[in-house]
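Heads up: the structure comes next, in structure tokens.
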Amino acid sequence: MNRYAHILKPVRIKSMDLDNRVVMPPITTMMANRDNSVSEANLAYLKRVAASGAGLIFTEVAAVHPDGIEGPGMLGIYDDRFISGLSKLVSEVHKQDRKVMVQIYHVGRESKYQLEHGRAVAPSAVAGIFKMIPREMDQDDIGEVILCFGQAAVRARAAGFDGVELHAAHGYLLMQFLSGLSNYRLDKYGGNFIERSRFILEVIREVRKQVGQDFPISLRISAEEYAVGGYTIEDMLEIIHLLVEAGIDMIHTSFGTQGSPGGIVCPTIEYQPGFNAQLAARIKSVVDIPVIAVGRYTNLLDAEKTLARGDADLVAFGRQHLADPNFFRNALQGKEDATVECLACNQGCIERLYKGKGIRCAINPVTGQELIYPERAKGKLRKVLVVGAGPAGLTAAFQAARLGHQVVLAEETANIGGQVTLAARVPFKDAYGRWIKKLTESAVREGVDIKLGQAADLDFIRDQAADVVIIAAGARNLRPAIPGVDHPHVIEAWQVLQGKAELTDYTVIIGGGLVGMETADYLRAHGIFEVMVIEARPRSPVKISNGHGYMLHQRLEEAGYRVCLDTRVIRIDSDMVIVEKSGREKILSPVKQVIIAAGSSSCNALGNVLEQANISYHLIGDALRPRSILKAVEEGAHAAWSIQ
Ligand SMILES: Cc1cc2nc3c(=O)[nH]c(=O)nc-3n(C[C@H](O)[C@H](O)[C@H](O)COP(=O)(O)O)c2cc1C
Ligand code: SF4
């Protein structure tokens, strides 16, 4: 029997035949034109992700009403003028013999843009995540939006889509009606959970009425709201049969809402693949239409298990399509190891959307940059020297070699990966190490000559006679000028994460940024009880709005660790640390070890040397300014792509 027999079993959804059960769920890209029409970037992106071979591709969400769109850069389907662009999206997928459905929605109160323009509407005048009050919809508004859903579905059919999905998940308008946290209405659209489902039911019926019996309709739900006082799967099970009777053909079982603790909609690295398949299974147990499971799937085997257990009929791989859309084909060819798994870091995808920027992927520089991604070198093939084998240097080396350039990668230490190899040692982050390993293998396969333990001094650089020099030498730990910092029991976070330090109770960590907090988490995982993190800033730089940050704070709190904010270290003694908060000094004692995690500074001295020697160079990644993996990878790729 084929290893992926369940995945490869065809499935029919109304009039739509799928040749496998892998799904690309809707992923908003914010790459549409400002007027909400389909852009060239949308087309190039969808063409690439649809090449994964997934049986069913969902487009990103498109708004059914001009006041129901999150803002510029999002797709619209609220006017006939969008049909021609949308039909181009369809043909990008159909050309690859895949099926494509468009997801449609109304954002309701969860758009800063609509709120600021005074156009946001919602079931009740209750603020959402933006803490601004929307206008309560009256009966006319409700009737208009219901009609708009129907008209949008007709446009979807006219554009050639194989079906339409109604977005009733993640805290947008349809779900705002369903949730008692956003629907306080006293009319027939409010009341208990079943009564609050009236709006969704009327939308489904209208869509069915307008598109006819044959056109597949999927409904995306958050099976659990995951909010304090929110609805549960038990509530949802009460209305599922009503939703099916109203005319849907498939249920796409997501979870969570805007502002769910830990941002569970895009689950972080702490969650295991398929962690929420049991929600899909509960839904599936009461319906006889296909059910899609979603959540942290990165490899086909986990999806196969979900299907084999009968938990769902199809499995969606969201961010995996951004990190490496080849995962499906690799698995079918028995080359599972070739796939780069999504790190669930959210840096390039959802976090950029929150900033109103188009999506990228922290570890795949092609995503969101399809229009500038070069297949071949721009000009002559060059001799390239890359200094530093962290994520920026490694990416630059791989990308340059892939384009045919002759690349030497010089790394001063004996290790590849820079700080990422340290990140890979903190709890849950082992996938970071696998990513570096695969990127290294790809670089070697493309012919990069990696020289470990090779310091890049002027003589070496002159010897190499490279046409292009890229400095990606990373950053080093900052040692703050605190009296006592040279005591032998004061060590650096990097030493701890390298496994070079003996761990002990009564440890003080100076610096509560991500490195300090993750070092604390490392200590927690190694059974250390007494740890205090000192951070000078009044607010933790590790934000709880970020899922990983939320979980990190929670784990440290549960371990009894204290994170002292707005606190400065005055002096380190042999067995105590003196700190100051609000003008008052305090002695922390006993203290057996002090770990410095007070930020890093760029290793860019080589740049000055090269300038004096009149050798031009590119400075990228942390060597330019310590920042994220996303920036390191992006700058590495751009440096390579720009070689001519
Ligand atoms: C950048 C980004 C944009 C998303 N946009 C949408 C969307 O438009 N509609 C939707 O229903 N879900 C959206 N999602 C949620 C995904 O469809 C999916 O449910 C989520 O990423 C979890 O699946 P995964 O772990 O396989 O990525 C988005 C997720 C990300 C990361
Ligand atoms: S940015 Fe991170 S979470 Fe988003 S797709 Fe890339 S690896 Fe996955």
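What's counted below: heavy atoms across the whole structure, side chains too, no hydrogens, waters or symmetry copies. Remember, it's 1-based here, ligands and their atoms both numbered in the order they're listed.
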With the side chain counted from C-beta on, respond yes when Asp313 and Lys284 share a heavy-atom pair under 4.5 Å apart, and no when they do not. yes

Worked verdict on Tyr354 versus Asn546 for side chain to side chain donor-acceptor pair (under 3.5 Å): CA-CA 11 Å; Tyr354 291 153; Asn546 160 306; over 6 Å; no

Which protein residues have a heavy atom under 4.0 Å from ligand 1? Pro25, Pro26, Ile27, Thr28, Val61, Gln103, His167, His170, Arg220, Val265, Cys266, Pro267, Val294, Gly295, Arg296, Phe317, Gly318, Arg319, Cys349, Ile350, Leu353, Ile359

Aromatic plane relationship, His638 with Trp641 - under 30° parallel, 30 to 60° tilted, over 60° perpendicular: tilted

Taking the side chain as everything from C-beta on, heavy atoms only, tell me whether Gln399 gets closer than 4.5 Å to Pro365. yes

Test salt bridge (Lys or Arg N to Asp or Glu O under 4.0 Å) on Arg627 and Asp622; report intermediate values, then the result. CA-CA 6 Å; Arg627 284 154 304 153; Asp622 280 8; 5.4 Å; no

Carboxylate-amine/guanidinium contact Lys88 Glu40, below 4.0 Å: no

Look only at the side chain of Arg296 and the backbone of Tyr271, and say whether a donor-acceptor pair between them is shorter than 3.5 Å. yes

Between Arg434 and Glu341 (salt bridge meaning N to carboxylate O under 4.0 Å), is one present in this structure? yes

For ligand 2, list the protein residues that place a heavy atom within a distance below 4.0 Å of one of its atoms, sorted by chain and number. Arg319, Leu322, Cys342, Leu343, Ala344, Cys345, Asn346, Gly348, Cys349, Cys361, Ala362, Ile363

Salt bridge (Lys or Arg N to Asp or Glu O under 4.0 Å) for Glu70 and Lys112? Distances and angles first, verdict last. CA-CA 7 Å; Glu70 236 151 308; Lys112 196 158 181 251; over 6 Å; no

